[in-house]
Amino acid sequence: MFTVEIKNISIPANIGVTSREKTRKQILKVSFTFSYIVNKKKNLDKISNLKDYSKITKYLKQIIVESRFNTLEKLIDYTVIKLEKKFKIKNIKIKINKAAVAKKYGSESLSVSN
């Protein structure tokens, strides 16, 4: 089994409870990991036998940019389901940091993860 980790992708999103958060995009910093299994008979040096990190990352960005949820928890749950279904990957862990909101509280970060 292989585990892939991608950290701190900057993604603009409309997410939040307040009307301001819903109408003004804010930058989310998204990190995620996932696992997958490759049949031992497959050539590990052939990209077609592996998961395409680029396609997975682009799809993740698309989901988040197009989403209109109130909470990060709902966004994470929805995103995991979509990624599992489309790419047949497992053990997806997502962490989303709302740095701009954290600054309001005098904090370096404010994040939610599954």
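Hydrogens, waters and symmetry mates are skipped; everything else that's a heavy atom, side chains included, is used.
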Considering non-hydrogen atoms only, spot the tightest contact between [X] and [Y] and give its length.
{"X": "I63", "Y": "K82", "answer": "CD1-CB, 3.6 Å"}
{"X": "V38", "Y": "K42", "answer": "CG1-CB, 3.8 Å"}
{"X": "V17", "Y": "K22", "answer": "O-CE, 3.5 Å"}
{"X": "S67", "Y": "L75", "answer": "OG-CD1, 3.5 Å"}
{"X": "S31", "Y": "N8", "answer": "OG-N, 2.9 Å"}
{"X": "K95", "Y": "S111", "answer": "CE-OG, 3.3 Å"}

Quick check: is I81 connected to F69 through a chain of hydrophobic side chains (ILVMFWY, heavy atoms under 4.5 Å apart)? no
Tell me whether L110 shares a hydrophobic cluster with I9, the cluster being built from Ile, Leu, Val, Met, Phe, Trp, Tyr side chains joined at under 4.5 Å. no
Any non-hydrogen side-chain atom of [X] less than 4.5 Å from a side-chain atom of [Y]?
{"X": "D77", "Y": "V80", "answer": "no"}
{"X": "I47", "Y": "D52", "answer": "no"}
{"X": "N97", "Y": "L28", "answer": "no"}
{"X": "K93", "Y": "E5", "answer": "no"}
{"X": "M1", "Y": "N91", "answer": "yes"}
{"X": "L83", "Y": "L60", "answer": "yes"}

Side-chain (N49) to main-chain (L44) donor-acceptor, under 3.5 angstrom: no
Is it true that a side-chain atom of S107 and a backbone atom of S109 form a donor plus acceptor pair closer than 3.5 Å? yes
Do you see a donor-acceptor pair shorter than 3.5 Å between the side chains of S10 and K29? yes
If you measure only the distance, is there a donor-acceptor pair under 3.5 Å linking the side chains of T3 and T33? no
K61/E66 salt bridge by N-O under 4.0 Å criterion: no
Residue from I56, N114, I96, T79 passing side-chain contact (heavy atoms from CB on, under 4.5 Å) with F32: I56
When N14 is tested against each of Q26, R24, E21, K25 for side chain to side chain donor-acceptor pair (under 3.5 Å), which residue passes? K25
Roughly how far apart are [X] [atom1] and [Y] [atom2], rounded to 0.5 Å?
{"X": "I92", "Y": "I76", "atom1": "CD1", "atom2": "CD1", "answer": "12.0 Å"}
{"X": "I11", "Y": "I64", "atom1": "CD1", "atom2": "CD1", "answer": "4.0 Å"}
{"X": "I15", "Y": "T71", "atom1": "CD1", "atom2": "OG1", "answer": "6.5 Å"}

Does CZ in R20 sit with more than 12 non-hydrogen atoms of other residues, nucleotides or ligands closer than 6.0 Å? no
Heavy atoms of other groups near N43 CG, more than 12 under 6.0 Å: yes
Could you tell me whether Y59 and F87 have their ring centroids closer than 6.0 angstrom? yes
